[in-house]
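To start, the structure itself, in structure tokens.
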Amino acid sequence: MTLTEQLAEIRFTSPDHVSHALARRPQGAPPAPGERLIFIALDHPARGALGAGDDEWAMASREDLLQRCITALENPGVRGFLGTPDLVEDLALLGALDGKLVLGSMNRAGIQGATFEIDDRMTAYDARGIVEGRLDGGKLLLRIDPSDAATAPMLERAARAIDSLSEARKVAMVEPFISGVRDGRIANDLSTEAVLKSVTIASALGRTSAWTWLKVPYVADMERVVGATTLPCLLLGGEVPEDAEQAMRDWEASLALPNVKGLVIGRTVLFPRDGDVAGAVQRLVEML
């Protein structure tokens with residue numbers, strides 16, 4: 001029986017099993033002093049972003065996606081998973097999240113290519129769902145477009161989400177970008193100055209930053225970027241790199257910085273160019 005068959009049957013006949021699986025799931029240990037974490041991230045499909053590498057439909061098969069996630073999570077050096085409720089529930093039902101830290105993706109309304117993409121409202125997890133699911137925190141995508149008035153209410157919604165998570169003593173992982181329209185589509189500015197500015201804006205959101213982590217891209221002069229905050233920063237993997245070895249070297253250098261606490265990696269290890277998911281994950285683990 002395929003994973004899809006198993007999960008569809010459970011969801012069709014026994015939907016209570018979803019909450020039961022989350023309730024009995026062994027949770028992951030909190031980070032230890034000096035530890036660097038690896039999270040597998042998979043919340044792109046919820047925004048209609050299904051591409052990886054040269055294949056714009058790489059993530060269209062849920063069966064294949066789950067198999068890749070299970071392979072990655074089987075490595076004991078992978079400490080956590082980040083995803084939307086459907087994927088978190090699928091993997092919890094399969095036992096793949098046992099002993100892992102889990103972050104729930106919150107705002108997924110910014111559909112890729114939509115006219116309203118910058119207005120990325122909360123459509124997946126909220127703080128209540130994260131608490132009830134016994135997750136460790138929530139993740140917020142925060143694209144800041146100075147020319148789009150929809151940015152202001154999004155900043156306010158992000159601050160309120162951080163407040164709700166901190167009240168529940170849950171991590172708020174914020175992924176900030178300075179963004180704008182380029183060739184008819186939203187694009188993120190990955191210059192050092194833009195990423196630095198986004199870090200300072202995100203660091204100050206909410207009534208407390210005690211539970212806030214930042215998810216930031218690797219760019220030139222990372223020491224200057226992460227030097228703009230004392231908050232824990234985790235590097236995002238982004239697109240599948242053309243040169244995986246160079247990407248590894250860049251991440252390794254950044255991990256030496258005092259407040260860079262790990263990696264949040266999705267397509268880079270789930271869809272490596274050589275097809276070896278287990279090998280890509282192991283190389284990351286060995287690097288840490």
Side-chain angles (χ1 to χ4, degrees), residues 39 41-60 82-84 105-124 139-158 161 173-205 213-222 224-226 228-229 233-244 246-247 250-251 254 263-271 273:
F39 281 84
L42 191 58
D43 57 353
H44 301 85
R47 292 201 308 110
L50 299 168
D54 300 325
D55 184 357
E56 64 176 320
W57 297 102
M59 292 186 275
L82 186 162
T84 46
S105 189
M106 301 177 77
N107 55 328
R108 296 282 87 188
I111 305 302
Q112 188 178 63
T115 57
F116 53 83
E117 185 172 351
I118 203 72
D119 191 3
D120 202 358
R121 305 186 187 200
M122 309 297 164
T123 55
K139 176 254 182 173
L140 292 152
L141 175 61
L142 181 63
R143 290 176 291 188
I144 302 161
D145 183 347
S147 67
D148 193 325
T151 294
M154 185 59 235
L155 285 165
E156 184 177 19
R157 287 194 293 269
M173 179 184 282
V174 183
E175 181 181 11
F177 294 99
I178 303 297
S179 304
V181 177
R182 187 184 309 154
D183 298 327
R185 301 185 68 173
I186 295 290
N188 300 322
D189 185 342
L190 297 181
S191 65
T192 298
E193 290 72 19
V195 176
L196 188 157
K197 182 181 290 188
S198 73
V199 162
T200 63
I201 294 169
S203 296
L205 291 173
W213 297 357
L214 300 179
K215 180 185 176 190
V216 297
Y218 174 84
V219 295
D221 201 354
M222 285 302 295
R224 185 178 171 211
V225 168
V226 300
T229 184
C233 297
L234 288 90
L235 303 180
L236 65 91
E239 298 286 350
V240 178
E242 292 289 343
D243 186 342
Q246 182 60 52
D250 292 339
W251 294 332
S254 297
L263 301 162
V264 184
I265 304 292
R267 292 163 291 185
T268 303
V269 293
L270 293 177
F271 295 90
R273 294 191 181 274

Quick one: does [X]'s side chain have a donor or acceptor within less than 3.5 Å of a partner on [Y]'s backbone?
X: T192; Y: A220; answer: yes
X: N188; Y: L190; answer: no
X: T151; Y: S147; answer: no
X: N107; Y: R121; answer: no
X: R157; Y: M122; answer: no

State the [atom1]-[atom2] distance between [X] and [Y], to the nearest 0.5 angstrom.
X: L235; Y: Y218; atom1: CG; atom2: OH; answer: 9.5 Å
X: E175; Y: W213; atom1: CD; atom2: CH2; answer: 14.5 Å
X: L196; Y: T229; atom1: CG; atom2: OG1; answer: 10.0 Å
X: L140; Y: R108; atom1: CG; atom2: CZ; answer: 9.5 Å
X: L234; Y: I265; atom1: CG; atom2: CD1; answer: 9.5 Å
X: D120; Y: L142; atom1: CG; atom2: CG; answer: 9.0 Å

Inset, instruction - Please name all residues satisfying side-chain contact (heavy atoms from CB on, under 4.5 Å) with I111, sequence neighbours left out, ordered by chain then number. - result: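 Here the qualifying residues are A114, F116.
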>> The test is side-chain contact (heavy atoms from CB on, under 4.5 Å); show your working for Q112 and L50 and say whether it passes.
In response: CA-CA 10 Å; Q112 188 178 63; L50 299 168; over 6 Å; no
What verdict does the side-chain contact (heavy atoms from CB on, under 4.5 Å) test give for M173 and M106, after you've listed the backbone C-alpha separation in whole Å, the side-chain angles of each residue and the deciding distance to 0.1 Å?
CA-CA 10 Å; M173 179 184 282; M106 301 177 77; over 6 Å; no
Working note: K139 + V264, criterion side-chain contact (heavy atoms from CB on, under 4.5 Å); need CA distance, chi angles, decisive distance, verdict. CA-CA 11 Å; K139 176 254 182 173; V264 184; over 6 Å; no
Between [X] and [Y], which heavy-atom pair has the shortest distance, and what is it?
X: G110; Y: R143; value: O-NH2, 3.6 Å
X: P217; Y: F177; value: CG-CE2, 3.9 Å
X: L270; Y: A41; value: CD1-O, 4.2 Å
X: S179; Y: I186; value: CB-CG2, 4.0 Å
X: M154; Y: L141; value: CE-O, 4.3 Å
X: G83; Y: D43; value: CA-CB, 4.4 Å

Heavy-atom distance under 4.5 Å between the side chains of I201 and I178, does that happen here?
->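 Contact flag for I201/I178 side chains = yes.
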Q) Is any side-chain heavy atom of M222 less than 4.5 Å from a side-chain heavy atom of D250? A)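 M222 does not reach D250 side chain to side chain.
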| Does E117 pair with R185 as a salt bridge, N-O distance under 4.0 Å? |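 No, no charged N to carboxylate O under 4.0 Å.
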Residues in side-chain hydrogen bond (donor to acceptor under 3.5 Å, both in side chains) with D148, at least two apart?
->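 By the side-chain hydrogen bond (donor to acceptor under 3.5 Å, both in side chains) rule, D148 matches no residue at all.
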For the side chain to side chain contact (heavy atoms under 4.5 Å, CB included) test, which of V174, L236, V225 pairs with L214?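 Of all the options given, the one that passes is V174.
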